[in-house]
Amino acid sequence: MATNAPAKLQVKPTENERFQKLKEKFIEKFGEDPVFYARAPGRVNLIGEHIDYCGYAVLPMAIEQDILAAVSLSKTQTAQLANSNPLYTDFKVSFEDVQIDKSQPLWYYYFLCGLKGIQEHFSLSSPAGIKCVVDGTIPPSSGLSSSSALVCCAGLVTLEANEKTLSKVELAEICARCERYIGTEGGGMDQSISFLAEQGTAKLIEFNPLRATDVRLPAGAVFVIANCCVEMNKAATSHFNIRVVECRLAAKLLSKAKGLDWSRLQKLGDVQTELGVSLEEMLKTVEEVLHPETYTREEICQSLAITPAQLCSSILSQNTQHVTSFRLYQRAKHVYSEAARVLAFKDVCNEAPARAIQLLGELMNQSHASCRDLYECSCPELDQLVDTCLLSGAAGSRLTGAGWGGCVVSMVPVEKMDSFLQKVRSAYYKPDARRAALEKQSLFVTKPGGGAAIYLEA
């Protein structure tokens, strides 16, 4: 029996509108009652963007929005998948023929990632057949981790259906690995917070080994999420994986310049560990070793004494083979400075000085500027929304998630919350008909929610 496994909770659908609607949808679809439900939350990353895959700690919290699945078992070796959203088509697949098309990131492929990850972990030769209806309240492609929540929910469904147990940490690690089947080279933050989250607290998530520490947020502020209404699917573009590769290349050039075994080192965090120096010293090393101009393929090959074929086969990922220029100085500078901001944010929360909200707000603002200028993962709409939030009374505001669209998270003093929401509605959503139509699910106050769980009918 795994210790610290996801919770199993009791629910009465008749007393919970969301569960009741999903149950009715399931009965309508499959003509039987669900046997159990599985839930995995989305998340908002308060600070620490694009650094988990570089080996650095991040500071997210789970949100109330989630992926909820109703499930029954069947004797057939198939997964029958349906979605409560009529825009998403049904899907049925035999377990002998589970294939994930990286070029077409459809909703059920994310489910298959989680299913395949658990099946492979346990080497399940004849897994339990499942019928499943999925319902999601996380806006898709918004930077709130709807795709990872779906992978985590599917992993939990497969685990429960096959009467297996794993700890939350083991589940998070498996789901982080198996999401790569869809082509996203993430670092594990989304899956970790989905399983390790606890009601009422944010978490400092550290990697290698994976661990989570409670971070108590200031009582005098709330966090507000605002969607800029530009969608960005990480798996459908190469933006995200290009940044992963640029960080990998920066790590290799830095380690080679410092006499380390560069062929072995993949992450910027590994370089700091090997050198045994501070983040401030790593920032100085970036200034000394890397130049701000764009690097060409030829320059990288020359610096590492490798051939273009070796670059393509051992460093570039499948969907970055076409990239001919890279910005290494900017990416490394963002990663090391953002890693320092995460630790500073945690320290302010722990020490709780009188100016805590102001200090945390300043760190969030610095983070957004770094994402915008050094990592170049913002977009005009995100920048406009950040400016609007700051003018509307936020102490700090920044993009959250991969970027290039999606959401902004703002820290707002409690006494300014109502006027803040009103001003943002008036300035950003109401002047645009499309945004105005999406405003109800695009602007909301959130608090730290609980982690993934199984629900059984009471």
Side-chain angles (χ1 to χ4, degrees), residues 50-56 99-105 113 120 173 176-188 207-208 234-277 281-336 338-339 374-377 402 404:
H50 286 282
I51 63 173
D52 57 338
Y53 53 78
C54 296
Y56 284 110
Q99 294 179 24
I100 296 160
D101 185 352
K102 292 182 181 183
S103 67
Q104 245 189 334
C113 283
E120 289 181 353
E173 289 175 336
R177 282 196 301 274
C178 70
E179 190 166 332
R180 291 171 195 159
Y181 294 140
I182 198 89
T184 304
E185 295 197 37
F207 304 94
N208 305 314
K234 278 193 298 196
T237 72
S238 56
H239 294 322
F240 183 89
N241 284 355
I242 288 170
R243 295 300 184 276
V244 176
V245 163
E246 286 176 318
C247 290
R248 190 178 299 153
L249 286 167
K252 291 186 179 298
L253 263 65
L254 288 169
S255 52
K256 188 166 192 290
K258 288 294 180 179
L260 302 174
D261 179 5
W262 65 266
S263 62
R264 184 175 55 84
L265 298 176
Q266 298 284 339
K267 298 177 181 178
L268 288 164
D270 295 340
V271 183
Q272 186 195 356
T273 302
E274 291 275 321
L275 292 174
V277 299
E281 286 172 284
M282 285 311 305
L283 284 164
K284 284 179 193 166
T285 303
V286 170
E287 298 288 346
E288 291 162 11
V289 174
L290 302 176
H291 62 68
E293 290 76 36
T294 298
Y295 282 77
T296 62
R297 281 184 176 225
E298 294 72 25
E299 185 178 1
I300 285 165
C301 289
Q302 194 176 1
S303 298
L304 297 176
I306 59 173
T307 65
Q310 286 172 315
L311 175 68
C312 289
S313 64
S314 63
I315 300 177
L316 300 186
S317 59
Q318 191 180 334
N319 71 343
T320 58
Q321 298 287 321
H322 65 286
V323 184
T324 56
S325 61
F326 307 88
R327 306 195 77 192
L328 308 187
Y329 166 89
Q330 293 83 352
R331 309 314 182 223
K333 197 170 177 184
H334 165 77
V335 169
Y336 290 129
E338 185 78 347
L374 294 174
Y375 222 72
E376 297 177 277
C377 61
W404 298 286

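We count residues from 1, following the sequence as given.
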Which heavy atom in E246 sits nearest to a heavy atom in R327, and how many Å separate them?
OE2-N, 2.9 Å
Hey, does the side chain of S314 reach the backbone of L311 with a donor-acceptor pair shorter than 3.5 angstrom?
no
Sub-4.5 Å side-chain heavy-atom contact between I306 and I315
yes
Mind running side chain to side chain donor-acceptor pair (under 3.5 Å) on E293 and Y329 for me, showing each step along the way?
CA-CA 8 Å; E293 290 76 36; Y329 166 89; over 6 Å; no
Would you sort out whether M282 and L275 count as a side chain to side chain contact (heavy atoms under 4.5 Å, CB included), showing the intermediate values?
CA-CA 9 Å; M282 285 311 305; L275 292 174; 3.9 Å; yes
Using a 4.5 Å cut-off on heavy atoms from C-beta on, say whether the side chain of L254 contacts that of L268.
yes
I need the I100 CD1 to R180 CZ distance, nearest 0.5 Å.
14.0 Å
Using side-chain heavy atoms (C-beta onward) and a distance below 4.5 Å, is K267 in contact with Y56?
no
Between T320 and V245 the two heavy atoms that sit nearest each other are OG1-CG2, 3.6 Å
Indicate yes or no for a side-chain donor-acceptor contact from Q272 to the backbone of V277 under 3.5 Å, with no hydrogens or angles considered.
yes
Salt bridge or not between E120 and R177? Use side-chain N to carboxylate O under 4.0 Å.
no
Within-4.5 Å side-chain heavy-atom neighbours: S238 and V323:
no
CD1 on I182 to CD on Q104, rounded to 0.5 Å
9.5 Å
Tell me whether the rings of W404 and H239 are parallel (<30°), tilted (30 to 60°) or perpendicular (>60°).
parallel
Side-chain heavy atoms of L328 within contact of E299, under 4.5 Å:
no
Of all the heavy-atom pairs spanning S317 and N241, show the shortest one and how long it is.
OG-CB, 4.0 Å
Quick check: closest heavy atoms across L290 and A250, and the distance to 0.1 Å?
CD1-CB, 4.3 Å
Kindly indicate, with the supporting measurements, whether the criterion side chain to side chain contact (heavy atoms under 4.5 Å, CB included) is fulfilled by K258 and V271.
CA-CA 9 Å; K258 288 294 180 179; V271 183; 5.8 Å; no
Rounded to the nearest 0.5 Å, how far apart are CG of D270 and CG of N208?
7.5 Å
State, yes or no, whether a side-chain contact exists between K333 and L283 at a heavy-atom distance under 4.5 Å.
yes
Between Y295 and H291, how do the two ring planes meet: parallel, tilted or perpendicular, split at 30° and 60°?
parallel
Within this structure, what is the OG-CD distance for the pair S103 and Q318, rounded to the nearest 0.5 Å?
9.5 Å
Check the pair K252, R248 against side chain to side chain contact (heavy atoms under 4.5 Å, CB included), reporting the backbone distance first and the verdict last.
CA-CA 6 Å; K252 291 186 179 298; R248 190 178 299 153; 4.1 Å; yes
Minimal non-hydrogen separation, V286 against A332, with atom names
CG2-CB, 3.9 Å
In this structure, OH of Y336 is separated from CD of E281 (nearest 0.5 Å) by 12.0 Å
Please tell me if the side chains of L253 and L304 come closer than 4.5 Å, counting only heavy atoms from C-beta onward.
yes
Hey, does Y375 have a side-chain heavy atom less than 4.5 Å from the side chain of Q330?
no
Donor-acceptor check, side chain of H50 to backbone of A402, threshold 3.5 angstrom: yes or no?
yes
Atom OG in S325, atom CD in E298: separation rounded to 0.5 Å?
10.5 Å
Tell me whether E288 at atom CD has more than 12 heavy atoms from other residues, nucleotides or ligands lying less than 6.0 Å away.
yes
Testing the basics here: between F326 and I300, what is the closest heavy-atom pair and its distance to 0.1 Å?
CD1-CD1, 3.4 Å
Counting only N and O atoms by type, is there a donor-acceptor contact under 3.5 Å from the side chain of Q321 to the main-chain atoms of C312?
yes
